[in-house]
Protein chains: 2
Amino acid sequence: MIFIMIYLFLHVQKNIGMGKCEQCIIKQFNSLKALTKEELVRISSCKTSKIIKKGEVIFEEGEVLNGVYCVKDGICKLTKLSANGKDQIVKMVVKGDLLGQRSIVTEERSNLQATALNDMEVCFIPKSEILADLQKNPDFTFNVLKDMANDLKEADDVIVNMAQKSVRQRLAETIIYIHESFGVNPDGTLSVLLSREDFANIVGTATESAIRVLSQFKKEGLISTTGKRIKIENIEDLKRVE
Amino acid sequence: MIFIMIYLFLHVQKNIGMGKCEQCIIKQFNSLKALTKEELVRISSCKTSKIIKKGEVIFEEGEVLNGVYCVKDGICKLTKLSANGKDQIVKMVVKGDLLGQRSIVTEERSNLQATALNDMEVCFIPKSEILADLQKNPDFTFNVLKDMANDLKEADDVIVNMAQKSVRQRLAETIIYIHESFGVNPDGTLSVLLSREDFANIVGTATESAIRVLSQFKKEGLISTTGKRIKIENIEDLKRVE
DNA sequence: AGTAAATCATGATAAATATCATATTTAATT
DNA sequence: AATTAAATATGATATTTATCATGATTTACT
């Protein structure tokens, strides 16, 4: 009997978030910080917390989103399926980021798919709550706007890189980006474990090509690998790759 | 004497806009429509109207923007200089669009350069006015947010196209895009006259490659050309290009 | 632990694209 | 109108990247 109670308690804690938004540190990193204490309490009461396992899809391309996700832990990729059947990774989303605001704002179905790259913990906030705050709190709206403006700038940079740089350069920059944004394990390997296919889908190339270039980097002493794990050995030269 | 007065009148009308924002039809097409009559009157009193000639730079990459531009007429390209010295065209801006909001919102220098593709008429609205309205009018902020969300979606699409489609496909789609977005002259040629280099800089390829592919399209009867002007001859097959 | 499936790796080859060279045409300037 | 400069066009060739094939590892599963 007591075990059932413990089980239920843990289960509930996992799936119907018991944390309070007002006290959540995560909100410091995104536009939710612009909300008043009252607004946070209201959101807290109707949000749901979810555990998402590595590889699980959070939402699909074309899906109607009924709210936004606040990422409390873990990393996910945002992808779009191309006509040739390949997924292009458009952005990586980390702890502290919001997920799905774009679609909520434009009231469209999602243009991207979100897939967990490791185990994640997210809070789901219903659309109605977000829209209510967007109506009433200009400070919040402005913060969301700033985030979006920043995403747009980054997207522009990606466009230029895709258009003007070689696969070699793009892959080198991707490794550096992951290194600097998501950090490394104690042994120095990139803490986010991506498949070679993921790398190819970030860079926009064939999986074989990505593998080949990684092998070259290895031969040139720019990186080393242990299984699929990658470690940067010479970041200066990696930055200079042409 | 009378001629000097007429000259001055015309000059003033050109450079210090005498039109009234409240009555301007252009505002229907952008987020300024969310402003109240009073706000529009205020903006009207401090905006300046400018004529920009084809080829002129409106603002450069890295420049501090002191306001936004509302495009009353004409078309311009937004470019970013890549490390290899080539300009990448990231977006084309038309009559009705606003220019520079992103930088104003994030209070950063412009990440893009804006260059007129034909003669333009724009109104410059000082930063202080825009920011004041963003503070006070949540409806306006939300409209700017919607625009930005839309730009972001389009940028995501461009990323995927750049990453996953061939130069041939991208060029075909560019021609169709210009055809459908900016229309054609009476003779059926694209109304926006772009150089082959511009096409290359949209598609993200070498100028020679763009020229070569256009020649192929001509041989295949998909398009025809008169000088640098391009006319779509078979839009269905152009859409099917692989 | 053993087997199937997925992922990674590399070779051989084809296709796409870039680069360099050089005409030819068009536009700009005097 | 003549001259110069710029843009367009095309060939030859080099480089980059994709595709197909096949084997080696790793991972997942029972």
Side-chain angles (χ1 to χ4, degrees), chain A residues 53-56 82-88 115 117-118 161-172 174-175 189-190 193-220 223-231 241-242, chain B residues 53-56 82-88 115 117-118 161-175 189-190 192-220 223-231 241-242:
Chain A
K53 273 173 287 177
K54 178 178 175 174
E56 255 186 75
S82 168
N84 64 6
K86 280 186 192 168
D87 274 322
Q88 177 64 33
T115 313
L117 287 172
N118 47 33
N161 286 339
M162 286 292 175
Q164 306 284 354
K165 291 183 180 171
S166 67
V167 167
R168 226 176 114 77
Q169 279 178 298
R170 268 139 55 200
L171 189 48
T174 300
I175 295 170
T189 58
L190 300 180
L193 185 57
L194 296 176
S195 68
R196 302 300 193 243
E197 191 182 5
D198 281 330
F199 276 106
N201 291 347
I202 293 174
V203 166
T205 191
T207 306
E208 298 95 316
S209 298
I211 291 173
R212 239 178 269 275
V213 175
L214 285 176
S215 299
Q216 281 169 12
F217 285 170
K218 227 162 89 174
K219 275 182 197 153
E220 295 166 27
I223 63 169
S224 63
T225 60
T226 344
K228 52 166 63 173
R229 300 202 166 270
I230 293 173
K231 180 180 175 182
V241 157
E242 296 219 341
Chain B
K53 274 174 286 179
K54 179 178 174 174
E56 255 185 77
S82 170
N84 63 6
K86 282 187 190 167
D87 273 322
Q88 177 64 32
T115 312
L117 287 171
N118 46 34
N161 286 340
M162 286 293 174
Q164 305 283 355
K165 291 183 180 170
S166 67
V167 167
R168 227 176 114 77
Q169 279 178 297
R170 268 139 57 198
L171 190 47
E173 286 179 14
T174 299
I175 294 169
T189 57
L190 300 181
V192 184
L193 184 57
L194 295 176
S195 68
R196 303 299 193 244
E197 192 182 3
D198 280 331
F199 276 106
N201 291 347
I202 293 174
V203 166
T205 190
T207 306
E208 298 97 315
S209 297
I211 291 173
R212 238 178 270 273
V213 174
L214 285 176
S215 299
Q216 281 170 12
F217 285 169
K218 227 161 89 175
K219 276 183 196 151
E220 294 165 28
I223 63 169
S224 63
T225 60
T226 346
K228 53 167 61 175
R229 298 201 167 273
I230 293 172
K231 181 179 175 183
V241 158
E242 297 223 339

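Predicted model, so just to flag it, every value in this text is computed and none were measured. Here is the naming used below: chain letters follow the sequence lines, and residue numbers restart at 1 for every chain.
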Rounded to the nearest 0.5 Å, what's the gap from CG on B:L193 to CG on B:L117? Could you check?
9.5 Å
How close or far is atom P of C:dT26 from atom CG of B:L193, stated in whole angstroms?
14 Å
Would you compute the distance between atom CG of B:D87 and atom CD1 of B:I202 and round it to the nearest 0.5 angstrom?
12.0 Å
Give the rounded distance in Å between these two atoms: CD1 of A:I223 and P of C:dC8.
13 Å
Closest to the 5' end of DNA chain D, once A:R170 and A:E208 are matched to their nearest nucleotides, is A:R170
Length of the line joining B:K218:NZ and C:dT25:P, which is rounded to integer Å:
12 Å
Using atom CG of A:D198 as one end and atom C1' of C:dC8 as the other, report the distance to the nearest whole Å.
14 Å
Side chain of A:K228 only, please: which of C:dC20, C:dT7, C:dA12 is the nearest?
C:dT7
Would you mind classifying the nucleic acid contact of B:T205 as base, sugar-phosphate or nothing, using non-hydrogen atoms under 4.0 angstrom?
sugar-phosphate
Which two nucleotides bound the region of DNA chain D that has atoms under 4.0 Å from heavy atoms of chain B, read 5' to 3'?
D:dA7 to D:dA12
Minimum heavy-atom separation for B:E242 and B:R168, please, with both atom names.
O-NE, 3.3 Å
Just grab all the salt bridge (charged side-chain N to carboxylate O under 4.0 Å, His left out) pairs involving residues 207-219 of chain B, residues at least two apart or on different chains.
none
Rounded to the nearest 0.5 Å, how far does CD of A:Q216 lie from CD1 of A:I211?
12.5 Å
Rounded distance in Å - CZ (B:R168) to C1' (C:dA18):
18 Å
Find the distance B:M162:CE to C:dT17:P and express it as a whole number of Å.
12 Å
For the residue pair A:I223 and A:L214, what are the closest heavy atoms and their distance?
CD1-O, 3.7 Å
Would you say CD of B:E173 has more than 12 non-hydrogen atoms from neighbouring residues, nucleotides or ligands within 6.0 angstrom?
yes
OG1 of B:T205 to CD of A:Q164: how many Å apart, nearest 0.5 Å?
9.0 Å
Using the C1' atoms of five pairs at each end, what's the angle between the two axes of the helix from C:dA1-D:dT30 to C:dT30-D:dA1, to 10 degrees?
60°
What is the distance from atom CG of B:L190 to atom CD1 of B:I175, rounded to the nearest 0.5 Å?
7.0 Å
Whichever of A:I211 and B:S209 has the more 5' nearest nucleotide on DNA chain C, that residue is A:I211
With DNA chain D as reference, determine whether A:K165 or B:S215 sits nearer its 5' end, using the nearest nucleotide of each.
B:S215
